[in-house]
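Naming: A, B, ... by sequence-line order, numbering from 1 per chain.
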Amino acid sequence: LPINKNAAQIRATVLSNRRVGVYHQIALEVGDLVRHIKPGNFIAISVGGENSKMVLRRAFAISRTSDRGTVELIISPQGSGSKWLCAQPEGAHVDVVTPLGTAFGIPTEPVTALLVGGGYGSAPLFGLAEVLKNRGCRVIMALGASTAAKIYAPLEGKRAVTLLKIFTEDGTAGETGRVTDSLPDLIAEHDVRVIYSCGPMPMLEALSTIAVQADIAHQCAVEESMACGIGICMTCVMPVKTETGEIKNLRSCIDGPVMDGEAVQWQLVGSQL
Amino acid sequence: MSLDFSTTLGGAWFPTPIFTASGCASSGKELAQFFPLREIGAVVTKSIMLKPRAGRPTPRMAETPSGMLNSIGLQGPGIDAFLADDVPWLASQGARIVVSIAGETAEEYGVLARKLRGVSGISAIEVNISCPNVENRGLVFACDPNSASEVVKNVRGIIGGELPILAKLTPDVTNIAAIASSVINAGADGIAMINTVLGMVINTETMRPHLGGKTGGLSGPAIRPIAVRAIYQVKQALPNVSILGMGGVASGKDAFELILAGASGVSIGTASFGDPSAVYRIQNELRDILMAKGFTSVKEAVGYAHRSEGE
């Protein structure tokens, strides 16, 4: 298969930029490119403007797309690049490359799916929920964060969700505790057949264990730091068991971000293979 | 006035002087979505080793002001898979191919050269003797004139006159011109330089080295003046030797600067990480600059900064 098929580099216009909790919800006009974007795909954006000392593109999950040619991103302004992007006003232009990476696989049967998001990791799950609902799947969503302001759960995104559970570690929203704590019961109770997840690595690792124990599929969107987003820099690798049983460092931009949670060798992340 | 945009490196002809840089274009497939590979000078492939290699642990990357540190450790599929898959694919695209090789021992470079002998579609071999991301600094052959020339001798002995050999050098030495002389005397046809500069970032949260491999190679515009200096010095010492220059080139003007210093070709590396069409864009910008300055060929501009006063 061709690598980066359908990806294009274009100048996109910032249509809106508003704060949602501790995050920014940014809508970009990307025109016809939306037709090729699937839930799980990401966008790589050049930051800092001309003559910036930031030489690397930033990768962001795509939350949702609309038929009108817009993509929506949920960005946590933590580093200098994401802060720059969150400071871009309506009407500004940014250089983007999209769609990149693998997409979530959609079940062929109308099963019950559990979507688990940690912090702004919930962003790509809302676009996924709409696709799943349109395919007749029942969507349960469980979102977790340290505190209420870090939960991203927009009203309009909830339409496709049958059951939404929220967990915060400090108890400021939903139930108190970690999102992963009550999932085994939820999976059994609702006959969940597949888990989709996006969030911090320890959460993805815990979900992989839960999925293996429940004997259900788990597709997770990983986040490893990238320099290019298009497969040439080899910095974003994850240790993954391949079909031949070999453990290889695979690029999370090309072979991910959506990966089979069971195949990812979480205990080997950061180790010499 | 028309411009002859072609160039030669160690006897090999290329239609343009703009190449990808080894390790910054994988084997071309990823960039092919963004520009036609056949329209650039050549694809310099990621340094290939004898056996498949997993590379270093993550984190492998740290962005630094106007640059980045990488610590990949030569991850790759090994020469056999590379020759079976990547070279035929690149040839099918009509791209010129410069194969970069890296060995753990001087002998291994000879074995790699034997595998390349007779493979069709290859324009030149880059002998990477300067990757900073190896466990043992003593294995950076390009830090020592004797080790550097031993590797090049081995490759030349196997390749004969079949293909031009470019030796890739590190600027992390006291006298790069002396290393360049030794590899040319050992049979290299040209010099590729500069490789990344050895660096380190300490994470101020964990208060430990940030990269899994602790040290990494610094690249990007931050190192461009080092590249310009190194190319200038080697061109001055060895005026007839062709140089494939690289180091922080992000625009046509930057590429022009390396050519003025003495490079006959310019590789684009880290710029492709920030801009997937950088190679193509820089090539167009360089063509415009050469024409605007009144040059009728690339050759005319190579080393132009060395001309004497009054010229």
Quick one: of [options], who has the most non-hydrogen atom pairs under 4.5 Å with chain A?
options                              : value
B:Gly28, B:Pro65, B:Gly212, B:Ser251 : B:Pro65
B:Lys29, B:Lys46, B:Gln75            : B:Gln75
B:Gly67, B:Gly73, B:Gly23, B:Gly269  : B:Gly67

Q: Taking heavy atoms only and a threshold strictly under 4.5 Å, list by residue number the residues of residues 27-45 of chain A that touch chain B; give 'none' if the list is empty.
A: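 Checking residues 27-45 of chain A against chain B gives no residue, so none.
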
Q) Quick one: which residues of residues 220-234 of chain A reach chain B at under 4.5 angstrom, heavy atoms only? A)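 Under the 4.5 Å heavy-atom cut-off, A:Glu224, A:Ser225, A:Met226, A:Ala227, A:Cys228, A:Ile230, A:Gly231, A:Ile232, A:Cys233, A:Met234 qualify.
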
(Q) Evaluate A:Thr235 against B:Phe273 for side chain to side chain contact (heavy atoms under 4.5 Å, CB included), listing each step before the verdict. (A) CA-CA 11 Å; A:Thr235 65; B:Phe273 297 166; over 6 Å; no

(Q) Report which part of A:Asp95 has an atom under 4.5 Å of a heavy atom belonging to chain B: side chain, backbone, both, or neither. (A)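 It is neither, since no heavy atom gets under 4.5 Å.
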
(Q) Under 4.5 Å from any heavy atom of chain B, what part of A:Val237 do you find: side chain, backbone, both or neither? (A) both

Do [X] and [Y] touch side chain to side chain, with heavy atoms closer than 4.5 Å?
X        : Y        : answer
A:Ser46  : B:Asp275 : no
B:Arg53  : A:Asn249 : no
A:Lys248 : B:Pro77  : no

(Q) Are more than 12 heavy atoms, taken from residues, nucleotides or ligands other than B:Arg287, located less than 6.0 Å from that residue's CZ atom? (A)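 It does: B:Arg287 CZ has more than 12 such atoms within range.
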
Q) In this structure, are over 12 heavy atoms from other groups packed under 6.0 Å from A:Glu262 atom CD? A)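 12 or below, so no.
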
Q. Say you draw a straight line from CG of A:Leu56 to OG1 of B:Thr270; how long is it, rounded to the nearest 0.5 Å?
A.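 It is 8.0 Å, given to the nearest 0.5 Å.
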
Q) CD of A:Gln9 to OG of B:Ser277: how many Å apart, nearest 0.5 Å? A) 3.5 Å

Q. Do you know which two heavy atoms are closest between B:Pro57 and A:Gln272, and how far apart they sit?
A. CD-OE1, 3.2 Å

If I measure from the heavy atoms of chain A, does [X] come under 4.5 Å with its side chain, its backbone, both, or neither?
X        : result
B:Pro52  : neither
B:Thr64  : backbone
B:Pro276 : both

**Q.** Ionic contact status for A:Arg57 with B:Glu63, cut-off 4.0 Å
**A.**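 Looking at A:Arg57 together with B:Glu63, the answer is no, because their closest N to O distance does not fall below 4.0 Å.
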
Q. For residues B:Gln33 and A:Asn6, is any side-chain donor paired with an opposing acceptor at under 3.5 Å?
A. no

Q: Test B:Ser26 against A:Arg251 for side chain to side chain contact (heavy atoms under 4.5 Å, CB included), laying out the working first.
A: CA-CA 12 Å; B:Ser26 195; A:Arg251 292 166 286 184; 4.1 Å; yes

